[in-house]
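Step one of this worksheet: look at the structure below.
Worth saying up front: this structure is predicted, and the values here are computed from it rather than measured. Numbers restart at 1 for each chain; the letters A, B, ... are given by sequence-line order, proteins then strands. For the numbers below, each heavy atom of this structure counts, side chains included, while hydrogens, waters and symmetry mates do not.
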Amino acid sequence: MARTHTWLIKSEPKKYPWSQLVKDGLTRCDGVRDFEARNNLRAMAVGDLGLFYHSNEGKEVVGVAQVTREHYQDPTTEEDWSCVDVAPLLPLVKPVTLVDIKARKGLAKMRMLTHNRLSVTPVTAPELRVILAMAETELPA
DNA sequence: GCCAACGTTGGC
DNA sequence: GCCAACGTTGGC
């Protein structure tokens, strides 16, 4: 069976918190204006996971979302940018803070740390396992 | 093609 | 509120 990929998606809770995503049931990740982030969006497949991270305030991964629609033209611009749709999958039992992530050896190479201004970054399978363990959360089978 | 100025992101 | 990192822009 095809293995899904995992990504980390930043959102400022002031603008769009996890709770709003849960309420909405679905949201469009638009407004990305960075080439590397755009490439990441374009690499996403339906069913891929997205760690939902609260930037600026909270600074923690709070939930796991799932890609429900592959990349398409970002409707907020005429230029060549992409967006995807994601739906909430499940909240983390224990949110994983940036401090926790930095303190964990196995996560030192996470793209979100090495390029901390990127709003969409890849997460490797081992990194996902570590984070889920820290979050005391298991993905549904 | 270089580089200074400037804007944005995001941690602190 | 400040500042570091870094991408973009524009003058030359």
Quick check: does any side chain N or O of A/N40 sit under 3.5 Å from a backbone N or O of A/V120, one acting as donor and the other as acceptor?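 Here the side-chain-to-backbone pair exists.
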Assign A/N56 to base, sugar-phosphate, or nothing according to its heavy-atom contacts below 4.0 angstrom with the strands shown.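 Here A/N56 touches the bases of the nucleic acid.
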Applying ring-ring contact (aromatic ring centres under 6.0 Å, His included), name anything that partners A/H5, two or more places apart in sequence or on another chain.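 With sequence neighbours excluded, A/H5 shows a ring-ring contact (aromatic ring centres under 6.0 Å, His included) to no residue whatsoever.
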Does any part of the side chain of A/R33, heavy atoms only, come nearer than 4.5 Å to the side chain of A/E79, both counted from C-beta?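 A/E79 does not reach A/R33 side chain to side chain.
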Under 4.0 Å from any heavy atom of chain A: name the first and the last nucleotide of DNA chain C that qualifies, 5' to 3'.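 For DNA chain C, the relevant span reads C/dA5 to C/dT8.
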Aromatic ring proximity, centroids under 6.0 angstrom, A/W81 and A/F35: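 Aromatic pair counts; centres sit under 6.0 Å.
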Let me spell it out: for each of A/K15 and A/K102, pick the nucleotide of DNA chain B with the closest heavy atom. Which residue's pick is nearer the 5' end?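 Between the two, 5'-proximity favours A/K15.
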Distance in Å, A/C83 SG paired with A/R38 CZ, rounded so as to fall on 0.5 Å steps: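 Reported value, rounded in 0.5 Å steps: 12.5 Å.
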